[in-house]
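No hydrogens, no waters, no symmetry mates; every other heavy atom, side chains included, goes into these values. Order of appearance sets the numbers: ligands from 1, and atoms from 1 within every ligand.
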Amino acid sequence: MLSVIPQPPRCDHATVWPALHHHALALRKGFDLRHAFADDPGRFAHFSQEAPHCFADLSKNLWDAPAEALLLRLARECAVEQQRDAMFAGEHVNGSEGRAVLHALLRCPRGESPPGLAWALAQVHETLDAMLAYAERVRADAGITDVVCMGIGGSGLGPQMAVQALQGMCDARRRMHFVSNVDGHELQSVLDGLQPRSTLFIVASKVFNTQETLTNARSALQWFHAQGGEDVARHFVALTTNASAAAQMGITTTFGFWDWVGGRYSLWSAIGLPVALAVGAAAFRDLLAGAHAMDHHFRTAPLQANLPVRLGLLDVWNRNLLGFASRCIAPYHAGLRRLPAYLQQLEMESNGKRVDRQGRPLALGSAPVLWGEPGTDGQHAFFQMLHQGTDIVPLEIIAVQRPSHGLQGHHEQLLANALAQAQALMQGRSCDDGHRHFPGNRPSTFVLLDALTPAALGALIALQEHRVFVAGALWGLNSFDQWGVELGKLLARDLQQRLASGDVVQLDASTAGLLQRMRA
Ligand code: F6P
């Protein structure tokens, strides 16, 4: 429970909520982006925002200054700042699990501890130093040519996404492989090309009882021994809060973290080892520094000039006041191709909830469906629907100002395409032929990173974490639990036994029929 603000009102209980509805209703009837820009030369300036390592243009969304003013009142009424401060101060804001939520502490420099958290920050830096020293030792070891990273969800998506994003600065002498799925095809295809003496296996699991990761780890250990591998302490490392479970499996080289780091917020902890191995300790520290700069912005910038707050408010506006049920992410950088998957977990596991912190059913929609692919690929696939489909889907473009390659003409083309999509969505094109008519007046947000450096990536991810926090705070959610993943895990255990035995007693007809067909 929050001790600072025991029960901040959720957005639909706020006194300003009816005014927002009223305003949205009016806008839905007559608002047109083209006219909004024509009528207000200051619109771009008003709706753009500088933040560490990035610039964001929110002006091509279906809102106006009075709407944002009402949303800012909403943020104040829902005590977003107090909720934010409670999180940073280490209050137990994850009420259903009785935990603090301190991923921001993982990127907090030495000596800048929030009051009362110096002990935790000391542990953070001790582990970080040890983890980075280990990463540098492995990087200096020419005998290790392949690293197999096993982990799923928060223990897999972040490292994989970040290693891909920073590919240009990765150590080319070492191949990084990522295995998340329990589907043996994935692990087998990686093992097929490897030698035990030149491979390091990283087993990343916060709780160390995740079925997929443990099954993959056991198979990797079996393969290692079967291929004559000997030194498990040198070739296997576990990243976990549960070192004793790792030791039971025979993995004694471990780096830990703490229960106050949520899985999908754990990239900054020991879970980031694959990133540190790929780009080095200094670059990993830059990643942390970029995220910390965004934390500072989030904590200190006034609400109306605070990018995570403005994005979180826009998310609630789009979802609840305009009724848009999904958001499309289009990173215009090939290195960010796993970003949509990463953001899916961040948004949908955090805010895909149907009850508020007190367990009361929500009377309004929470997390939108997040989806996407890199541009320009998406333009030749699903953008048709964004431009001419029957549903309006806000598009979020993430582009990078300066490329890290030297190929002539590519980056200009890429940026021109990103700009063109946002422009086309807004402007549309009138045509008597319905097939060729573009209605326009469709929303997009444009985030421009200065370059895809470790620091900018850190800032971008922290920005997304905090906008998810803001929306969750407005919806009155606990954004830091994930009870919705439990039932499927439980049933899978039962069904695995039934698949072996053929027992279908008390199963529904469909599950029983499928199970029998699988065994036939
Ligand atoms: O199944 C969901 C989940 O619990 C995520 O929240 C988490 O990131 C993932 O599983 C992996 O968990 P762990 O790191 O404990 O293996």
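In terms of protein heavy-atom proximity, atom 14 (O) of ligand 1 is closest to Ser155 OG, 2.5 Å. For atom 12 (O) of ligand 1, the nearest protein heavy atom (residue, atom name, distance) is Thr210 OG1, 3.5 Å. Of the protein's non-hydrogen atoms, Glu349 OE1, 2.8 Å is the one closest to atom 6 (O) of ligand 1. At the top of the distance list for atom 8 (O) of ligand 1, counting protein heavy atoms only, stands Gly154 N, 2.7 Å. Annotation: atom 9 (C) of ligand 1 to nearest protein heavy atom, Ile152 O, 3.6 Å. Scanning the protein for heavy atoms near atom 10 (O) of ligand 1, the closest one is Lys489 NZ, 4.5 Å.
Every atom of ligand 1 with a heavy atom of Lys206 under 4.0 Å away is listed here by number and element: 13 (P), 14 (O), 15 (O), 16 (O). Every atom of ligand 1 is numbered from 1 in the order shown, and the set under 4.0 Å from a heavy atom of Gln482 is 6 (O).
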Discussion item. Test salt bridge (Lys or Arg N to Asp or Glu O under 4.0 Å) on Lys353 and Asp481; report intermediate values, then the result.
Written reply: CA-CA 10 Å; Lys353 315 267 164 81; Asp481 60 10; 2.8 Å; yes
Worksheet item: Could you go step by step and tell me if Asp12 and Arg10 meet the salt bridge (Lys or Arg N to Asp or Glu O under 4.0 Å) rule?
Response: CA-CA 6 Å; Asp12 53 328; Arg10 67 185 208 207; 2.8 Å; yes
Fill in: Asp315/Arg467 under salt bridge (Lys or Arg N to Asp or Glu O under 4.0 Å): CA gap, chis, key distance, verdict
CA-CA 8 Å; Asp315 292 342; Arg467 65 107 62 97; 2.6 Å; yes
Discussion item. I'd like to know whether Asp494 forms a salt bridge (Lys or Arg N to Asp or Glu O under 4.0 Å) with Lys489, so could you lay out the CA-CA distance, the side-chain angles of the two residues, the decisive distance to 0.1 Å, and finally the verdict.
Written reply: CA-CA 9 Å; Asp494 172 55; Lys489 290 184 193 175; over 6 Å; no
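Between the side chain of Ser350 and the main chain of Glu347, no donor-acceptor pair closer than 3.5 Å is present. Using modelled atom types, one side-chain atom of Arg519 and one backbone atom of Leu499 make a donor-acceptor pair closer than 3.5 Å.
Close to ligand 1: Gln345, with a non-hydrogen atom less than 4.0 angstrom away.
Any N or O atom pair closer than 3.5 Å counts here, and Val207 shares at least one such pair with ligand 1.
Aromatic rings from His235 and Phe201 are positioned such that their centres are separated by 6.0 Å or more.
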